[in-house]
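Working notes, structure below.
Basis for what follows: all heavy atoms, side chains included, without hydrogens, waters or symmetry-related copies. Fair warning: this is a prediction, and the values are worked out from it, not measured in the lab.
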Amino acid sequence: MIGGRTRAWDDDGFDDAVPFLARLEREDRAALLAIGRPLRYPARSVLMHQDEPSGHVVLLLRGWTKVTAIAANGYEALLALRGPGDILGEGAALSGRHRSATVTALDSVEGVVIDRSRFTAFLAGNSRVALHLLGLATDRQRSTDRRRLEWAALTVRERLAVLLLELVRTHGNRTEEGIELAIGLSQHEFAGSVGSSREAVARLLGELRTRQVVATRRRRIVVLRPDVLRRIVGEGSA
């Protein structure tokens, strides 16, 4: 995988993209995992449902998930992709509110599930882990704010090019044909991620396909010319 990591917590670097388990000391990580129970989820299964009560958190060990939310008018937005080392459901577990988003497995997922009461009790007794969780929440909010600011200056065409380049970097598998995205996203999900309509995204993907920049199948995209995508982004920032 291009730029990917099989076990995210093996990376000692710290930035906005570093997942929760990678931030913890070895002994804290082991202690936290020990209070949960292992579970596996098949591809396309739902780990958490939007608006349901919070009963547990999930620590991802293998596989990738998508985080989506549906607005009152039916608009579905792709909020994030979460993979190895990430934590899911911590916001609702700490606030006691219902879940704000749905989490769906993009491929086979392995994780550790921790009951809400055990999770909050663990945090109450371990300030280091609690501070790392606060740091993660701060980094995620900062990343969201930065993306919102950057998105405001870009056209939908440029946003789609940025998204495709990000997916090439984080989820791209090099093949004879090009760089295949290892996660399957629908046009609705692409539209939600770039803040546009499905029709507009379908039209733009069609244009890129005609120009032989990408090849598309059902829930499958192969990027043939990442250099063209970079030019699209560069034109918008010039």
Side-chain angles (χ1 to χ4, degrees), residues 16-17 19-20 39-60 63-83 86-109 111 113-114 116 119 136-152 154-164 166-167 170-171 181-206 216-221:
D16 291 356
F20 181 54
L39 277 182
R40 294 186 177 186
Y41 304 88
R44 312 307 298 180
S45 63
V46 177
L47 284 67
M48 299 175 178
H49 291 271
Q50 183 176 346
D51 295 327
E52 72 179 359
S54 171
H56 62 275
V57 301
V58 175
L59 298 171
L60 293 176
W64 284 86
T65 64
K66 63 178 180 180
V67 183
T68 59
I70 300 178
N73 63 359
Y75 183 80
E76 182 178 16
L78 174 66
L79 303 181
L81 299 174
R82 302 290 184 217
D86 276 319
I87 184 171
L88 304 169
E90 76 284 357
L94 293 176
S95 68
R97 298 177 180 175
H98 288 193
R99 300 200 188 281
S100 60
T102 294
V103 181
T104 307
L106 290 170
D107 50 18
S108 179
V109 167
V113 176
I114 304 175
R116 179 190 172 202
F119 178 67
L136 175 67
T138 301
D139 286 345
R140 284 181 176 177
Q141 185 59 55
R142 182 174 58 188
S143 178
T144 298
D145 291 344
R146 183 172 62 244
R147 170 58 64 88
R148 184 179 295 114
L149 179 62
E150 293 172 349
W151 248 211
L154 299 178
T155 65
V156 174
R157 181 170 177 264
E158 292 157 358
R159 294 176 192 174
L160 182 60
V162 169
L163 177 60
L164 289 171
E166 288 181 351
L167 293 175
T170 59
H171 296 81
L181 303 187
I183 57 172
L185 297 177
S186 68
Q187 290 181 354
H188 276 292
E189 291 160 347
F190 270 105
S193 185
V194 300
S196 184
S197 66
R198 187 193 66 79
E199 292 75 16
V201 167
R203 184 181 69 254
L204 289 169
L205 285 174
T216 62
R217 283 87 175 177
R218 178 173 175 79
R219 290 188 177 275
R220 179 174 177 263
I221 291 182

Minimum heavy-atom separation for [X] to [Y], with atom names?
{"X": "Ala105", "Y": "Thr65", "value": "CA-CG2, 4.1 Å"}
{"X": "Arg97", "Y": "Ser54", "value": "O-CB, 4.0 Å"}
{"X": "Arg140", "Y": "Ile87", "value": "NH2-O, 3.4 Å"}
{"X": "Val57", "Y": "Ala93", "value": "CG1-CB, 3.6 Å"}
{"X": "Ala69", "Y": "Leu79", "value": "CB-CD1, 3.8 Å"}
{"X": "Ala101", "Y": "Val67", "value": "CB-CG1, 3.6 Å"}

More than 12 non-hydrogen atoms from neighbouring residues, nucleotides or ligands closer than 6.0 Å to CZ on Arg220, yes or no?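 Enclosed: over 12 neighbouring heavy atoms sit under 6.0 Å from CZ of Arg220.
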Rounded at 0.5 Å granularity, tell me how far [atom1] in [X] sits from [atom2] in [Y].
{"X": "Leu181", "Y": "Thr216", "atom1": "CG", "atom2": "OG1", "answer": "11.0 Å"}
{"X": "Leu154", "Y": "Leu163", "atom1": "CG", "atom2": "CG", "answer": "12.0 Å"}
{"X": "Ser193", "Y": "His188", "atom1": "OG", "atom2": "NE2", "answer": "14.5 Å"}
{"X": "Glu52", "Y": "Gln50", "atom1": "CD", "atom2": "CD", "answer": "10.0 Å"}
{"X": "Glu199", "Y": "Gln187", "atom1": "CD", "atom2": "CD", "answer": "9.0 Å"}
{"X": "Leu88", "Y": "Phe20", "atom1": "CG", "atom2": "CZ", "answer": "11.5 Å"}

Salt bridge flag under 4.0 Å for residues Asp145 and Arg142: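 Arg142 and Asp145: not salt-bridged.
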Starting from the C-alpha separation in whole Å, work towards a yes-or-no answer on side chain to side chain contact (heavy atoms under 4.5 Å, CB included) for Tyr41 and Leu60. CA-CA 11 Å; Tyr41 304 88; Leu60 293 176; over 6 Å; no
Would a distance-only check, ignoring hydrogens and angles, find a side-chain to backbone donor-acceptor pair under 3.5 Å from [X] to [Y]?
{"X": "Asp139", "Y": "Leu136", "answer": "no"}
{"X": "Arg159", "Y": "Trp151", "answer": "yes"}
{"X": "Arg99", "Y": "His49", "answer": "no"}

Any [X] side-chain heavy atom under 4.5 Å of [Y] side chain:
{"X": "Leu39", "Y": "Val58", "answer": "no"}
{"X": "Val194", "Y": "Val162", "answer": "no"}
{"X": "Phe119", "Y": "Leu59", "answer": "no"}
{"X": "Arg82", "Y": "Val103", "answer": "no"}
{"X": "Leu167", "Y": "Phe190", "answer": "yes"}
{"X": "Asp107", "Y": "Arg44", "answer": "no"}

In sequence, state the C-alpha distance, the side-chain angles, and the governing distance for Leu81 and His171, and then conclude on side chain to side chain contact (heavy atoms under 4.5 Å, CB included). CA-CA 10 Å; Leu81 299 174; His171 296 81; 3.9 Å; yes
